[in-house]
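Residue numbers start at 1 and run along the sequence shown.
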Amino acid sequence: QVQVTESGGGLVQAGASLRLSCSVSGRTFSSYAMGWFRQAPGKEREFVAIISWRGLSTVYTDSVKGRFTISRDNAKNTVFLQMNSLKPEDTAVYYCAVSRYKTTSKAVADYDYWGQGTQVTVSS
């Protein structure tokens with residue numbers, strides 16, 4: 001059984017930083033791309049950042065480029081999202097997901113396993 005567990009969310013002021021972590025068990029973590037997605041109230045889930053299976057390729061949504069960094073530690077079955085210069089519009093539930101592919105994909109449908117989400121709230 002695959003388990004995906006996020007941690008690291010919280011309430012911060014604008015301009016602050018947070019680091020999200022996501023651990024995966026029950027699957028060969030290093031064989032699959034990983035993604036971070038987020039969903040704000042009343043909005044659809046959107047991709048934030050994705051990383052290929054060996055970490056050589058990353059993709060970011062335009063609104064977080066230069067502020068967020070996705071990385072992975074295949075030895076620890078963990079993927080991270082470093083979020084700097086947070087803005088109120090970054091407020092959302094952040095989800096970690098395991099892709100069915102090695103390469104990056106922005107499509108929600110390409111991810112087989114999801115965590116329960118972690119709340120990130122940025123106050124102005």
Side-chain angles (χ1 to χ4, degrees):
Q1 183 178 358
V2 179
Q3 289 190 323
V4 181
T5 307
E6 304 101 334
S7 62
L11 170 63
V12 297
Q13 291 189 329
S17 298
L18 281 175
R19 190 189 196 206
L20 305 184
S21 299
C22 170
S23 63
V24 178
S25 63
R27 196 172 198 187
T28 307
F29 176 82
S30 59
S31 296
Y32 300 96
M34 294 292 298
W36 284 99
F37 294 76
R38 66 187 179 188
Q39 188 166 17
K43 296 187 176 181
E44 292 188 355
R45 191 169 297 188
E46 63 171 355
F47 104 95
V48 176
I50 43 184
I51 187 167
S52 61
W53 65 299
R54 290 190 295 177
L56 298 181
S57 176
T58 57
V59 182
Y60 298 91
T61 192
D62 287 345
S63 63
V64 308
K65 285 180 181 177
R67 300 188 298 122
F68 290 13
T69 302
I70 188 171
S71 61
R72 65 190 296 163
D73 184 341
N74 285 347
K76 297 182 178 180
N77 288 6
T78 303
V79 62
F80 305 97
L81 185 67
Q82 178 66 44
M83 305 187 295
N84 299 329
S85 302
L86 282 161
K87 304 176 180 180
E89 50 265 42
D90 294 320
T91 295
V93 177
Y94 283 70
Y95 297 91
C96 174
V98 184
S99 174
R100 65 186 61 171
Y101 305 117
K102 293 183 183 292
T103 54
T104 56
S105 170
K106 302 177 185 179
V108 171
D110 286 341
Y111 292 79
D112 288 330
Y113 302 99
W114 295 79
Q116 80 287 351
T118 185
Q119 177 70 47
V120 172
T121 303
V122 184
S123 63
S124 57

[X] and [Y]: same hydrophobic cluster, using ILVMFWY side-chain contacts below 4.5 Å?
X: Trp114; Y: Phe47; result: yes
X: Val98; Y: Val59; result: no
X: Tyr60; Y: Val79; result: yes
X: Val120; Y: Val48; result: yes
X: Ile70; Y: Leu18; result: yes

Between Tyr111 and Phe37, what is the ring plane arrangement, given parallel below 30°, perpendicular above 60°, and tilted in between?
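Because their plane-to-plane angle is over 60°, the rings of Tyr111 and Phe37 count as perpendicular.
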
Return yes if some donor-acceptor pair links the side-chain N/O of [X] with the main-chain N/O of [Y] below 3.5 Å, else return no.
X: Gln39; Y: Ala92; answer: no
X: Gln13; Y: Ser123; answer: no
X: Arg72; Y: Gly55; answer: no
X: Gln82; Y: Thr69; answer: no
X: Thr91; Y: Val122; answer: yes

Show your working on side chain to side chain contact (heavy atoms under 4.5 Å, CB included) between Leu86 and Phe68 and close with a plain yes or no.
CA-CA 9 Å; Leu86 282 161; Phe68 290 13; 3.8 Å; yes

Polar side chain donor-acceptor pair, Gln3 to Thr5, under 3.5 angstrom:
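The answer is no; no qualifying pair exists.
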
Any donor-acceptor pair under 3.5 Å linking the side-chain atoms of Ser23 with those of Asn77?
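Side chains of Asn77 and Ser23: no pair found under 3.5 Å.
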
Passes side chain to side chain contact (heavy atoms under 4.5 Å, CB included), Ile51 versus Trp36? Steps please.
CA-CA 9 Å; Ile51 187 167; Trp36 284 99; over 6 Å; no

In the structure I gave you, are the side-chain heavy atoms of Val2 and Asp112 within less than 4.5 Å of one another anywhere?
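Not touching, per the 4.5 Å side-chain cut-off.
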
For residues Asn74 and Phe29, determine if any side-chain heavy atom of one lies less than 4.5 Å from a side-chain heavy atom of the other.
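With C-beta onward as the side chain, the pair touches.
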
Is the count of non-hydrogen atoms from other residues, nucleotides or ligands lying under 6.0 Å from Arg54 atom CZ greater than 12?
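Counting other residues, nucleotides and ligands, CZ of Arg54 stays at 12 neighbours or fewer.
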
Does atom NZ of Lys102 have more than 12 heavy-atom neighbours, drawn from other residues, nucleotides or ligands, at distances under 6.0 Å?
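Enclosed: over 12 neighbouring heavy atoms sit under 6.0 Å from NZ of Lys102.
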
Among Arg38, Glu6, Gln119, which residue meets the side-chain hydrogen bond (donor to acceptor under 3.5 Å, both in side chains) test with Tyr94?
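Result: among Arg38, Glu6, Gln119, Arg38 is the only option passing the side-chain hydrogen bond (donor to acceptor under 3.5 Å, both in side chains) with Tyr94.
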
Regarding Asp62 and Lys65, does a basic nitrogen lie under 4.0 Å from an acidic carboxylate oxygen?
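Salt bridge flag = yes for Lys65 with Asp62.
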
Over all heavy atoms of both residues, which pair between Ser85 and Asp90 is shortest? Give the atoms and the distance, please.
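Closest approach of Ser85 to Asp90: O-OD2, 4.5 Å.
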
